[in-house]
Amino acid sequence: MKIGVPKEIKPQEARVGVTPAGASSLIQAGHKVHVQKGAGLLSGFSDKTYKKVGCVINDKIEEIYHFAEMVIKVKEPIDSEYPLIKPNQLLFTYFHFASSKKLTDAMIESKAVCLAYETVEDDGKLPLLIPMSEVAGRMATQEGAKYLEKPQGGFGILLGGVAGVKPANVMVIGGGVAGTEAALMAAGLGASVSILDTNLDRLRYLEITMPSNVTPIFSNPFTIEQEIRRSHLIIGTVLIPGSKAPKLITKNMLDKMMPGTVLVDVAIDQGGCFETSQPTTHDDPVVIKQGIIHYGVTNMPGAVPNTSTIALTNATLNFALELANKGWKTACVENQALRKGLNIIQGRVVYKQVAEVFDLAYTDVSSLIIN
Ligand SMILES: NC(=O)c1ccc[n+]([C@@H]2O[C@H](COP(=O)([O-])OP(=O)(O)OC[C@H]3O[C@@H](n4cnc5c(N)ncnc54)[C@H](O)[C@@H]3O)[C@@H](O)[C@H]2O)c1
């Protein structure tokens, strides 16, 4: 199959759809990979490295879209890419259709096949979202530690303390993918960590897998209110699938915290789980309210594109290989996880929630892929 990897042109996006290692696997499987000049540079991959594994480098984005039967990207196409997309072309990337009618309309119009990373679903899990949650969770602790420093406006405490000095108290609310990684990082730095979740099975799992300086606790408003008084760093990673994040820390709870406490709201991309959070960017990541530092970057993995790109390709590559080897139709007939990624096929919306959000006609995917 002819595969194209364009340079991401959405502002602040430094990742790339395929690493040289991923491209090498696709080429070894007999496929042709064209990569746009400079596409991997911000993730740490030179054109020379792509060339070495057999990729062809194209100067212009137009050439990539013109060549490709499958385009592998990171972010949804933006306005200037819409006219480049060809009917029947397979687009394999994050789309997040429900957040943009304009994008949905444009992709319907393009008659392309849109397979969205975020809805590929395997046994109830979202394998192409997990790596970004892992990165964001780990970064949450790293960023939190930084903003706890006095020059940043923080409490002035070292997460691990030193000999004879108590470590910082870290509360992680939400013990899923991101929360587990955040807690592990904080524990590794020597902090005293509590991790809260409402799912008892998850708490049991955390109890037997977490190091001894992490205490899993059942999450409820009473416990959160108690814990905020002693926590120096609070990381919010709750997710209720299909809903906005619940506001677990309210505005009137801020004055119960120690001045210089840091709140990192990883769930900000779903509206945030702290009432006073607001979306921020890597250029200006924090706002201080009532002496409490709020970090609310909506695209945390974007700050570490090398790690994020490699983690993403590790997760997408087997799916990309299957799509390239079998063609999207057969691959989606044979692989239920991939089939769930199909959102729009040649002008028809085949993902129910997207059709519902925008009141568009819905077509059952099986009627289009199973003869
Ligand atoms: N800001 C970013 O850059 C970024 C990057 C990646 C992911 N995210 C976001 O991070 C959030 C977490 O993602 P995830 O993959 O870890 O989700 P997940 O489903 O693995 O974990 C969410 C956890 O929250 C728990 N939970 C639900 N309600 C709770 C409550 N009231 N109290 C405590 N725990 C509760 C669930 O039981 C679950 O274990 C999502 O909103 C995701 O969109 C943000």
Side-chain angles (χ1 to χ4, degrees), residues 10 12-15 74-75 94 96 98-99 116-144 171-185 194-207 209-210 215-228 234-250 263-275 277-282 285-286 294-305 307-308 311-312 315:
K10 190 170 176 176
Q12 294 223 327
E13 184 52 67
R15 291 171 288 177
V74 179
K75 285 304 218 189
Y94 288 119
H96 295 285
S99 60
Y117 290 165
E118 70 274 9
T119 65
V120 171
E121 189 181 326
D122 194 8
D123 203 14
K125 296 202 172 74
L126 303 170
L128 305 188
L129 277 184
I130 288 174
M132 293 307 107
S133 287
E134 289 174 331
V135 172
R138 290 192 170 210
M139 259 190 82
T141 300
Q142 193 169 303
E143 294 299 302
M171 168 164 63
V172 179
I173 313 179
V177 176
T180 301
E181 298 301 323
L184 274 176
M185 287 293 274
S194 54
I195 181 162
L196 279 63
D197 206 293
T198 45
N199 180 333
L200 271 177
D201 285 337
R202 187 68 190 174
L203 288 171
R204 289 189 184 105
Y205 166 82
L206 293 169
E207 183 67 38
T209 53
M210 281 284 154
T215 310
I217 308 176
F218 190 79
S219 174
N220 56 44
F222 181 83
T223 306
I224 291 174
E225 180 127 15
Q226 274 189 327
E227 288 288 312
I228 56 169
I234 302 173
I235 298 173
T237 65
V238 304
L239 176 66
I240 300 178
S243 304
K244 273 196 146 190
K247 305 291 179 211
L248 299 174
I249 292 184
T250 57
L263 304 185
V264 178
D265 199 341
V266 181
I268 191 72
D269 61 337
Q270 302 293 328
C273 56
F274 309 143
E275 190 183 6
S277 294
Q278 66 185 62
T280 58
T281 62
H282 290 297
V286 297
H294 295 62
Y295 177 100
V297 174
T298 48
N299 168 26
M300 294 172 75
V304 287
T307 305
S308 301
L312 185 60

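Numbering of ligands and ligand atoms starts at 1, following listing order.
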Side-chain atoms of residues 136-144: list all donor-acceptor pairs with protein atoms under 3.5 Å, sequence neighbours left out, distances to 0.1 Å.
{"unit_1": "Arg138", "atom_1": "NE", "unit_2": "Glu181", "atom_2": "OE1", "d": "2.6"}
{"unit_1": "Arg138", "atom_1": "NH2", "unit_2": "Glu181", "atom_2": "OE1", "d": "2.9"}
{"unit_1": "Thr141", "atom_1": "OG1", "unit_2": "Ala182", "atom_2": "O", "d": "2.8"}
{"unit_1": "Glu143", "atom_1": "OE1", "unit_2": "Lys146", "atom_2": "NZ", "d": "3.2"}

List, one per line, each side-chain donor-acceptor pair under 3.5 Å for residues 264-275, sequence neighbours excluded.
{"unit_1": "Asp265", "atom_1": "OD1", "unit_2": "Ala267", "atom_2": "N", "d": "3.3"}
{"unit_1": "Asp265", "atom_1": "OD1", "unit_2": "Cys273", "atom_2": "N", "d": "3.2"}
{"unit_1": "Asp265", "atom_1": "OD2", "unit_2": "Cys273", "atom_2": "N", "d": "2.9"}
{"unit_1": "Asp265", "atom_1": "OD2", "unit_2": "Phe274", "atom_2": "N", "d": "3.1"}
{"unit_1": "Asp265", "atom_1": "OD2", "unit_2": "Ser277", "atom_2": "OG", "d": "2.6"}
{"unit_1": "Glu275", "atom_1": "OE1", "unit_2": "Lys251", "atom_2": "N", "d": "2.7"}

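For atom 37 (O) of ligand 1, the nearest non-hydrogen atom from the set Asn199, Leu126, Thr223, Asp197 comes from Asp197. Counting heavy atoms only, Thr237 comes closest to atom 11 (C) of ligand 1 of the residues Ile195, Ile217, Thr237. Remark: among candidates Gln270, Glu181, Lys247, the nearest residue to atom 41 (O) of ligand 1 is Gln270, based on non-hydrogen atoms. Closest to atom 30 (C) of ligand 1 by heavy atom, among Thr198, Ile240, Leu239, is Thr198.
Only the side chain of Asp269 comes within contact range of ligand 1, with a heavy atom under 4.0 Å; no backbone atom does. Of the heavy atoms in Val297, only backbone atoms (N, CA, C, O) come closer than 4.0 Å to ligand 1. Residue Leu248 touches ligand 1 through its side chain alone, judged by heavy-atom distances below 4.0 Å.
In the vicinity of Gly174, heavy-atom distances shorter than 4.0 Å reach the ligand 1 atoms 24 (O), 33 (C), 34 (N).
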Kindly determine whether Gln12 and Thr281 satisfy side-chain hydrogen bond (donor to acceptor under 3.5 Å, both in side chains), including the steps that lead there.
-> CA-CA 9 Å; Gln12 294 223 327; Thr281 62; 4.7 Å; no
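Ranking protein heavy atoms by distance to atom 10 (O) of ligand 1, first place goes to Val266 CG1, 3.5 Å. Among all non-hydrogen protein atoms, the one lying nearest atom 15 (O) of ligand 1 is Ser133 OG, 2.7 Å.
In terms of N/O distances under 3.5 Å, ligand 1 is not approached by Pro246.
A donor-acceptor contact shorter than 3.5 Å is absent between the side chain of Gln278 and the backbone of Thr280.
The CG atom of Leu248 lies 11.5 Å from the OG1 atom of Thr223; values are rounded to the nearest 0.5 Å.
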